[in-house]
Amino acid sequence: MLCFAFSSAAQDDTLITKYPNGKTREMQVSRNGVTYAVVKYSENGRKKFKWNIDTRTLEGYLLIDHDDSLISGFIKQCPDRTEIQHYGEGKPFYSIIHYQDNKMHGTFQGFDRDGVLNVQGQYDHGVRTGVWRYYRADGIVESRLHLDGVIGHRGISITFTIIPVVVTLLLLGMSALVMINSRSYQSWYTMISIVTIVLFALAFFAALFPWYPYADVVNAFIIHYFLAVMGTLLAVTLLASVISLAWATRTGVRRWFSSVVVFVAIVLILYTIVVATLARNGLSSLII
């Protein structure tokens, strides 16, 4: 069914098509014979999407279907545009994406179902770049670094990786300077070896038996920082063990002790890699 409605402006006219049930299917507004605005509805009367060439915006109220002929036509005319996705008609934003030459470019914003911002970052011609911020439900703001060609699509967490690694290395370096100068390399190496293994064991058992006081706080720390901190401790311990084996006479460390620590460190590093891989896929509970 076709209906024509003419606006007060002589150069604009509106074409309306309807479903068999009488509800509006599409509304197209033209100026001098060229369509510049469209609104499309589903059969139940809810908006699917709308676009406007003047403002270069496409708003979707259901999942935007880029294969829809009306949407693909708009995209051809507006390679530089803004796409706004809603959770539904009358509901908050889901995302706001800017495009340049049909590639995501500029600020990206994502929102939760309450309309609260939960992610924000920059695209550079389709590639994530710079620092992205993720506003987590637990109140923590996670920053992730994206460098094209250096770091993958997921980026690297500044909050949960870079900062914990740097802090751990600084503490290890300070302890080395203090203990080696005041005591010996052997004392420092023995200390970090024991501390690393004990911390790993405590973290492992804390995850296995989450009914002790303040379990939520401790487990949150383990989930957020365990891989970065323990990975750094294990790597430094392994390096120190290799040094102790290679220069056992000069360091004063017994070879059997260094050998045991090397074996344990390698096993725990492999375990940590497996946990990191599973955690990335949301399956860490299978092994911890």
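Residue numbers count from 1 along this sequence. Computed over heavy atoms, backbone and side chain alike; hydrogens, waters and symmetry mates excluded.
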[X] and [Y]: which non-hydrogen atoms are nearest, and at how many Å?
| X | Y | result |
| --- | --- | --- |
| Tyr189 | Ser258 | OH-CA, 3.4 Å |
| Thr129 | Trp132 | O-NE1, 3.3 Å |
| Thr232 | Ala228 | OG1-O, 2.7 Å |
| Pro164 | Tyr225 | CG-CD2, 3.5 Å |
| Ser157 | Phe160 | OG-N, 2.8 Å |
| Gln100 | Asp80 | CA-OD1, 3.2 Å |

For Met179 and Met174: C-alpha separation, side-chain torsions, deciding distance, then whether side chain to side chain contact (heavy atoms under 4.5 Å, CB included) applies. CA-CA 9 Å; Met179 291 198 69; Met174 290 171 61; over 6 Å; no

Donor-acceptor contact below 3.5 Å, side chain [X] vs main chain [Y]:
| X | Y | result |
| --- | --- | --- |
| Arg25 | Thr17 | no |
| His98 | His105 | no |
| Ser182 | Val178 | yes |
| Gln186 | Gly252 | yes |
| Ser187 | Arg183 | no |
| Arg144 | Gly155 | yes |
| Asn52 | Thr55 | yes |
| Thr161 | Ile158 | no |
| Arg250 | Trp247 | no |
| Gln85 | Leu62 | yes |

Transitive ILVMFWY side-chain link [X] to [Y], under 4.5 Å:
| X | Y | result |
| --- | --- | --- |
| Val242 | Ile194 | no |
| Val141 | Phe111 | yes |
| Met191 | Val229 | yes |
| Leu177 | Val195 | no |
| Ile266 | Trp256 | yes |

Measure the [atom1]-[atom2] distance between [X] and [Y] for me, rounded to the nearest 0.5 Å.
| X | Y | atom1 | atom2 | value |
| --- | --- | --- | --- | --- |
| Arg255 | Ser241 | CZ | OG | 13.0 Å |
| Thr24 | Met27 | OG1 | CE | 7.5 Å |
| Ser259 | Arg254 | OG | CZ | 13.0 Å |
| Ser143 | Ile163 | OG | CD1 | 7.5 Å |
| Leu199 | Ile192 | CG | CD1 | 11.5 Å |
| Ile156 | Leu147 | CD1 | CG | 9.5 Å |

If you apply the rule side chain to side chain contact (heavy atoms under 4.5 Å, CB included), what do you find for Phe200 with Phe226, and how did you get there? CA-CA 9 Å; Phe200 196 102; Phe226 171 80; 3.7 Å; yes

Got [X] and [Y] here, is their nearest side-chain heavy-atom distance under 4.5 Å?
| X | Y | result |
| --- | --- | --- |
| Leu233 | Thr168 | yes |
| Asp112 | Tyr135 | no |
| Thr251 | Val253 | yes |
| Gln109 | Leu117 | yes |
| Tyr87 | Phe93 | no |
| Ser72 | Asp67 | no |
| Phe108 | Gln122 | no |
| Ile269 | Tyr271 | no |

May I have the step-by-step check of side chain to side chain contact (heavy atoms under 4.5 Å, CB included) for Ser30 and Leu15, ending in yes or no? CA-CA 8 Å; Ser30 302; Leu15 170 66; over 6 Å; no

Other ILVMFWY residues reachable from Leu58 by side-chain steps of under 4.5 Å: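 Val29, Tyr36, Val38, Phe49, Trp51, Ile53, Ile64, Leu70, Ile71, Phe74, Ile75, all in the cluster of Leu58.
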
If we check side-chain contact (heavy atoms from CB on, under 4.5 Å) with Thr237, which of these qualifies: Leu268, Val262, Ile197, Thr196?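 The single option meeting the side-chain contact (heavy atoms from CB on, under 4.5 Å) with Thr237 is Thr196.
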
Near Tyr94 OH, under 6.0 Å, is it more than 12 heavy atoms from other residues, nucleotides or ligands?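 It does not: Tyr94 OH has 12 such atoms or fewer within range.
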
Criterion side chain to side chain contact (heavy atoms under 4.5 Å, CB included) on Ile16 and Glu26, from CA distance to verdict: CA-CA 6 Å; Ile16 299 175; Glu26 296 171 7; over 6 Å; no

Taking Glu89 first and then Lys91, would you say they form a salt bridge - that is, a charged N and a carboxylate O separated by under 4.0 Å?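 Here Glu89 does not pair with Lys91 in a salt bridge, since their nearest N and O are not under 4.0 Å apart.
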
One thing to verify: whether Glu142 and Arg136 come together as a salt bridge, which I'm taking to mean a side-chain N less than 4.0 angstrom from a carboxylate O.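 Yes, charged N to carboxylate O under 4.0 Å.
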
Once ring-ring contact (aromatic ring centres under 6.0 Å, His included) is applied, do any residues pair with Tyr185, and if so which ones, sequence neighbours excluded?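 Tyr185 satisfies ring-ring contact (aromatic ring centres under 6.0 Å, His included) with Trp188 only.
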
Would you list the pairs meeting salt bridge (charged side-chain N to carboxylate O under 4.0 Å, His left out) in which at least one residue belongs to residues 44-56, sequence neighbours left out?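 The answer is Arg31-Asp54.
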
